[in-house]
Amino acid sequence: MFHVVGRRSAPVTRLLASRGTVLVDSVRGRKSRGDPVAKSKEGRIKVPPPVDPREMVVLKDRYTEYQLILKALRLEFREEVLRKKFEEETGSLAEERARQDAEEHRALMLWNQEENLRLLKARVLRIQKEEEEAERIKMEAVMKLEQQQQEFIKLKEKQVLQLQEEAKNFITMENLDQRIEEALDHPKNYNFAVDREGRVVRQTVLQ
Amino acid sequence: MPMKGRFPIRRTLDYLQKGDIIFKNRVKVMTVNYNTHGELSDGARKFVFFNIPQIQYKNPWVQIMMFKNMTPSPFLKFYLDDGEQVLVDVEGRDHKQISQHVKKILGKSEDVLHAEAQARMQASNPANFGPKKYCLRECICEVEGQVPCPSTTPLPKEMTGKYRAKMAESQE
């Protein structure tokens, strides 16, 4: 009466069931041991399907032959696959290949080593150059410092000499009176006149 | 928003799939020692920034580690599975040069990659029907334009076996 869905997995059944179907998981052997036989099956005697003996003999022969052939084919194919795998991994070709790989690897490692050495040489040179640069700069700085010190000394010496020169004209306690007399005897005139062209006139009349 | 980081192109699938360094099966660990400042480490820094994502994408089973500011000069070190260690000096080199060098010494060559691709294609025939794990399709009803699966839509009467059997019987 109701459409019962065929044997599929439960979630798929639930997904694909249309509106009118009753969701029943069709399971064999719904009745348990003690349940009585159904009314419609009361007098039923189960008979196996009829078998023709001559046909059966012929069929058996044919089936055995057929199954023999198929099994042989299957074994052949399986053996071929296994043999290919074996050859791939441990055959003579594989050994050759492994040897060649090792050779190539060694060659590449050598090449890599050479590159590293080349870079090492370049690095050593560069470091040497940098060291020399640093040395030079240090020497220059030291020399510059020395030079500055020398100049300072010279400047100071010049200043001292100049001071000594000026000291000859200083007014001390001894020549105080003499200098006063001198100053009074020779009055100095600081007045001057300038015109627009820049001509200076110092000959003015002292008042 | 969608763009994250300084060069978001590095995060695109397109860019990652363009990586061409596929390591030989022997390489297990890759280590990069470089400095974050300095002219000489510039190539190494760019290599780490641009090429390492591509390498890791193509070699998901190789461990890659970065060590910063532990070395006076940058280098790469590869650890192979027989214990051998391969040292690659990258001081003052450009990131393109570094990646070419690495590809040459430890990458799978073009013909090896071709052979592997061929083997993969041979092993998986797209015409086979079977479990989803091994084949593309399980049943012809999954293909567009073919008769749909009778579990979803019932077949027209003429295609069902019981109708055909009935017709054959009625005709005899």
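Chain naming here is simple, since letters A, B, ... match the order of the sequence lines and numbering starts at 1 in each. For the numbers below, each heavy atom of this structure counts, side chains included, while hydrogens, waters and symmetry mates do not.
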Taking all non-hydrogen atoms of both residues into account, name the closest pair between A:Asn112 and B:His101 and its distance. OD1-NE2, 2.8 Å
Is the number of heavy atoms from other residues, nucleotides or ligands under 6.0 Å of A:Glu89 CD greater than 12? yes
Side chain to side chain contact (heavy atoms under 4.5 Å, CB included), that's the test. Do B:Leu40 and A:Arg126 meet it? Break it down for me. CA-CA 12 Å; B:Leu40 298 163; A:Arg126 202 188 47 239; 3.6 Å; yes
Heavy-atom distance under 4.5 Å to chain A: side chain of B:Lys24, backbone, both or neither? side chain
For atom CD of A:Gln159, is the number of surrounding heavy atoms from other residues, nucleotides or ligands below 6.0 Å larger than 12? yes
Tell me whether B:Gln146 at atom CD has more than 12 heavy atoms from other residues, nucleotides or ligands lying less than 6.0 Å away. yes
Sidechain-backbone polar pair: A:Asn116 side chain, B:Asp89 backbone, donor-acceptor under 3.5 Å: yes
Should the heavy atoms of other residues, nucleotides or ligands under 6.0 Å from CD1 of B:Ile9 be counted, would the total exceed 12? no
Interface moiety of B:Leu87 toward chain A, non-hydrogen atoms closer than 4.5 Å: both
Counting only heavy atoms not in A:Lys60, do more than 12 sit closer than 6.0 Å to its NZ atom? no
Heavy-atom pairs under 4.5 Å with chain B are the metric here; pick the option from A:His105, A:Glu115, A:Met109 that has the most. A:His105
